[in-house]
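Input: a single structure, listed below in structure tokens.
Counting starts at 1 for both ligands and their atoms, following the listed order. All values derive from a computational prediction rather than experimental measurement. Below, all heavy atoms of this structure are taken into account, side chains as well, without hydrogens, waters or symmetry copies.
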Amino acid sequence: MKNDWSSVMYVSITMMLTLFASCSTNQPMDLTSESIIPKPQVIAPTGNSFELTEQTTIYYHGGSDEMKQTAVFLAEILRPATAFKLDVRLAEDKEQSGNIYLNLTDLDEGQGSEGYEIIITKETITLNANHPEGLFRGIQTLRQLLPAGIEMKKKQAGPWLIATGEIRDYPEYAYRGVMLDVSRHFFLPEQLKQYIDLLALYKINILHLHLSDDQGWRIEIKSWPRLTEIGGKTEVDGGKGGFYTQEEYSDIVNYAGERYITIVPEIDMPGHTNAALASYAKLNCDGKARELYTGTEVGFSTLCTRDDSTYKFVDDVIRELAAITPGPYIHIGGDESHVTKKPDYIYFINRVQQIVEKYGKQMIGWEEIAQAELLSNSIAQHWRNSEYPVLAVNQGVKILMSPANKIYLDMKYDSTTQPGLSWAGFIEVDSAYLWDPASLVKGIGREDIIGIEAPLWTETITNMEELEYMVFPRIAGYAEIGWVPAENRDWNEYRLRLGRHGKRMDAMGINFYRSDLVPWIE
Ligand code: IFG
């Protein structure tokens, strides 16, 4: 396929020279000067421009609802700032100038379900992909080829020009995620949807929700109602907390799914369980219900791992959660179980893993789970210890990389950052970018890693403004680490591209951190 592509490059460059020579009517533009994040694998410019106009129609091939939904998503992105009608129609045979076409085609099989290509000429824009998910990823690139004003919610002056050429793209890692801790501080469904919308632009494809901890239980479990009636009533610093009904959770799952983002629910066990232990006395080994906790200590709680009634509880929780989680994973936590004896911890993880498997899901756990006997399709999430993930690799288990000193979004940028913590060190925008998951930990190679995930723990994060400040712009770099091969990433090039991308985050209304390390173009 490479030599086909080099012939495309040769043809494209020849066309570009011819076009310039012919003094084309359209405004010349250079596709390679755009600031797409994450950077596409291959960009071949042809030096001209396509104009989006009132007459533009978006056509989709194949009558599936998913294809139509993808085309409608593109139209809804483009309509507010252009005020164009942008009809969405089932494709006819003959292509007409000025239109956008979404097609399912057999791309190079190496591109998987997320691969896509965009072919932009003066006349038409064509997005091709193996699957609608790939078209959706391509739409995020197309968005970024238009001026930043396209992200504004009210009519902006045009013209709406897109540089011509070809883009061929697909991700390095299959799992490119973020985690949001909704236990320490609760975030409303509409806030999660707002966050999901922002993540979609960067081709993030997993949202891990940390739904339970010492300070709050956030998901309705119908067979154990007091988990939310009592365990959902508070949060760090004594706020009113909250929880998602199963209906609200399903709505979030569907909203994320429409943007090809999979929800991974986490019930943290056997430690980090004070909210459950305060809700049901019988979950405690001494039979006494704990007080609700609104501090920020960790490691002081444990389920009663040798009591069979605990596994009835776990079974009910996992059963109900699996029934409303279409994604393949259930995260069972497993971190900082400092008051669970090691043999009891191992026994607990082994039994919980069987329960997760019984309900047809794959278990993810923080790296400490590597002390147990893991199924080959379980996943260990690396966060701070290098022995546990290597133990997991030696069991043939894949690693999800979340090294706290590189990717914990609750880490301050520097000592002046208001919210956040610093136990894993400061993480400025350059440090967040300057690392390679495949060479970070001795004993964990590229073939052992399913991807990366950026956790935002919310002991100190109480609202969307603080969330956006800690997440952006670092998440753009993490999205690039997840999508672009390490050999194609360079901080000196990326910081300039990020600097040009700043006005797009402004247009999206994101309260991002304007690091002095980035030359922000206003
Ligand atoms: N470690 C704890 C989190 C949170 C975090 C804050 C993990 C896996 C410190 N566990 O990270 O609950 O308190 O940075």
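If you look at Asp181 next to ligand 1, there are no close heavy atoms at all, none under 4.0 Å. With a heavy-atom cut-off of 4.0 Å, His272 touches ligand 1 through its side chain alone.
Note: Trp423 and Tyr408 have perpendicular aromatic rings, judged against thresholds of 30 and 60 degrees for the angle between ring planes. By the 30° and 60° cut-offs, the orientation of the rings of Phe313 relative to Trp224 is perpendicular.
With no hydrogens or angles considered, a side-chain donor-acceptor pair links Asp436 and Ser439 at under 3.5 Å. In this model, a donor atom of one side chain and an acceptor atom of the other lie less than 3.5 Å apart for Gln140 and Arg143. Under the 3.5 Å distance criterion, with hydrogens and angles disregarded, no donor-acceptor pair is assigned to the side chains of Ser113 and Tyr260. Side-chain contact, Asn511 with Tyr469: no donor N or O sits under 3.5 Å from an acceptor N or O. Side-chain N/O atoms of Thr417 and Tyr513 include no donor and acceptor closer than 3.5 Å.
Look at Glu459 and you'll find a heavy atom under 4.0 Å from some atom of ligand 1. Residue contact check for ligand 1: His210 places no non-hydrogen atom closer than 4.0 Å to it.
Shortest contact from atom 10 (N) of ligand 1 to any protein heavy atom: Asp335 OD2, 2.8 Å. Summary of contacts: the protein heavy atom closest to atom 11 (O) of ligand 1 is Tyr408 OH, 2.7 Å. For atom 2 (C) of ligand 1, the closest heavy atom belonging to the protein is Glu336 OE1, 3.1 Å. At the shortest separation from atom 6 (C) of ligand 1 among protein heavy atoms lies Asp410 OD2, 3.2 Å. With hydrogens left out, the protein atom closest to atom 12 (O) of ligand 1 is Arg184 NH2, 2.9 Å, a heavy atom.
The only option from Ile263, Ile379, Asn377 that meets the side-chain contact (heavy atoms from CB on, under 4.5 Å) definition with Tyr329 turns out to be Ile379.
Under a 4.0 Å criterion applied to the non-hydrogen atoms of Trp423, ligand 1 contributes the atoms 6 (C), 9 (C), 14 (O). Counting the atoms of ligand 1 from 1 in the order shown, those under 4.0 Å from a heavy atom of Leu421 are 6 (C), 14 (O). Interface of Met411 with ligand 1, defined as ligand atoms under 4.0 Å from a residue heavy atom, comprises 14 (O). Of all atoms in ligand 1, numbered sequentially from 1 with element shown, those under 4.0 Å from a heavy atom of Trp366 are 8 (C).
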Please step through side chain to side chain contact (heavy atoms under 4.5 Å, CB included) for the pair Glu235 and Gln215, ending with a clear verdict. CA-CA 5 Å; Glu235 58 193 349; Gln215 296 88 346; 5.5 Å; no
